[in-house]
Amino acid sequence: DDELRKLEERSFVAGVRHDEPQGVFTSTAYERRKAALSLDAVIELIYSVQPAHRQRATFIANSVDYRDLRQLKDVDSRFAMQDAMTRMDDPHLLGYPIHFSEFVPRFHLAFGNMIEGYLSTNNGKTKIVRDPFTRKPLVQFHATRAVGGAPQDASAIKILEFTHDERGTVSREPEMVGGLGEAVSA
């Protein structure tokens with residue numbers, strides 16, 4: 001069942017094949033912005049989503065980008081991301097839960113109400129079929145489940161693509177120190 005969950009997640013996040021749902025990050029329905037990774041860019045992303053959609057909003061990012069997002073600080077050098085209080089909780093970025101998925105494209109951050117912005121369907125039935133080409137005692141079975149997904153409300157989800165160089169180093173805006181207006185290289 002874990003393998004089916006991963007396949008569904010990959011389809012909903014980055015589905016591109018004809019037999020997959022259209023993914024959140026591969027859809028052209030959602031507004032995209034490009035910017036250097038900074039706290040200001042993340043705040044702009046949050047406030048680009050309508051207030052009604054921000055109430056149940058979450059972030060979705062690539063698990064490899066966790067380190068770069070984790071290092072974001074405000075002018076008083078406080079981290080913008082708070083760790084989860086328990087193993088069952090998600091960490092929070094600027095007060096909103098953040099989920100990480102290996103299927104999100106690198107250097108992308110989505111924010112919004114995923115339930116209202118993306119329609120996912122699942123018939124709930126898992127079909128198990130015996131492989132006709134295997135013999136006892138090594139019989140194989142294949143499990144399938146019909147799922148679908150598509151953008152539902154494009155105003156509910158926005159995507160930030162943060163800039164990077166050819167080596168994959170994230171571009172950062174200079175941080176402001178102590179509110180004095182001095183730019184310091186990160």
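Here OG of S101 is found 12.0 Å from CZ of F12. Values are rounded to the nearest 0.5 Å. A distance of 6.5 Å separates CG of L72 from CG of L93, quoted to the nearest 0.5 Å. Rounding to the nearest 0.5 Å gives a distance of 10.5 Å between CD1 of I98 and NE2 of H92. From F59, atom CZ reaches atom CG of L109 across 5.5 Å, with rounding to the nearest 0.5 Å. Atom CD1 of residue I157 and atom OG of residue S48 lie 11.5 Å apart, to the nearest 0.5 angstrom. Rounded to the nearest 0.5 angstrom, D90 CG and H99 NE2 are separated by 4.5 Å.
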- Task: Evaluate the criterion side-chain hydrogen bond (donor to acceptor under 3.5 Å, both in side chains) for residue pair H53 and D153; output intermediate values, then yes/no.
- Result: CA-CA 10 Å; H53 294 307; D153 183 354; 3.2 Å; yes
- Message: Determine whether D40 and S38 satisfy the following criterion, side-chain hydrogen bond (donor to acceptor under 3.5 Å, both in side chains), listing intermediate values before the conclusion.
- Response: CA-CA 5 Å; D40 288 339; S38 68; 5.1 Å; no
- Message: Quick one, V139 with R130, criterion side-chain contact (heavy atoms from CB on, under 4.5 Å). Give me CA distance, side-chain angles, the key distance, then yes/no.
- Response: CA-CA 7 Å; V139 177; R130 181 184 182 274; 3.4 Å; yes
- Starting from the C-alpha separation in whole Å, work towards a yes-or-no answer on side-chain contact (heavy atoms from CB on, under 4.5 Å) for F25 and I60. CA-CA 10 Å; F25 288 90; I60 300 178; 4.2 Å; yes
- Kindly determine whether M81 and L69 satisfy side-chain contact (heavy atoms from CB on, under 4.5 Å), including the steps that lead there. CA-CA 7 Å; M81 186 182 291; L69 293 166; 3.8 Å; yes
- side-chain contact (heavy atoms from CB on, under 4.5 Å) between T58 and M114, intermediate numbers included: CA-CA 7 Å; T58 59; M114 303 301 160; 3.8 Å; yes
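More than 12 heavy atoms of other residues, nucleotides or ligands shown are found within 6.0 angstrom of CZ on R33. Residue-environment remark: OH (Y66) exceeds the threshold of 12 foreign heavy atoms within 6.0 Å. Residue-environment remark: CZ (R135) stays at or below the threshold of 12 foreign heavy atoms within 6.0 Å. Shown here is Q82, whose CD atom has more than 12 heavy atoms of other residues, nucleotides or ligands within 6.0 Å.
With sequence neighbours excluded, the residues satisfying side-chain hydrogen bond (donor to acceptor under 3.5 Å, both in side chains) with R10 are E20. The salt bridge (charged side-chain N to carboxylate O under 4.0 Å, His left out) test applied to R54 returns no partner, not counting sequence neighbours.
Each of L94 and F79 belongs to its own hydrophobic cluster when Ile, Leu, Val, Met, Phe, Trp and Tyr are linked at side-chain heavy-atom distances under 4.5 angstrom. L119 and V24 are assigned to two separate hydrophobic clusters, defined by single-linkage of ILVMFWY side chains at heavy-atom distances under 4.5 Å. Hydrophobic clustering of Ile, Leu, Val, Met, Phe, Trp and Tyr side chains at less than 4.5 Å, counting indirect connections, keeps V64 apart from L37. No chain of hydrophobic side-chain contacts below 4.5 Å, direct or via other Ile, Leu, Val, Met, Phe, Trp or Tyr residues, connects F141 to L138.
Across all their heavy atoms, A80 and L39 have their closest contact at CB-CD1, 3.4 Å. Taking each heavy atom of L45 and K158 in turn, the nearest pair found is CD1-CB, 3.6 Å. The two residues R32 and T26 have their closest heavy-atom pair at NH2-N, 4.1 Å. When all heavy atoms of A36 and A41 are compared, the pair lying nearest together is O-CB, 3.5 Å. Counting all heavy atoms, side chain and backbone alike, V49 lies closest to S155 at CG1-O, 4.2 Å.
Looking only at distances, a side-chain donor or acceptor of Q152 sits under 3.5 Å from a matching main-chain atom of E116. Between the side chain of N113 and the main chain of I115, a donor-acceptor pair closer than 3.5 Å is present. The backbone N or O of G117 sits less than 3.5 Å from a side-chain atom of Y30, completing a donor-acceptor pair.
Between D65 and R70 there is no salt bridge, since no side-chain N of the basic residue sits under 4.0 Å from a carboxylate O of the acidic one.
Between F111 and Y96, the angle of the ring planes goes over 60°, which puts this pair in the perpendicular group of the 30/60° scheme.
Side-chain contact between P151 and Q22: present, with at least one pair of heavy atoms (C-beta onward) separated by less than 4.5 Å.
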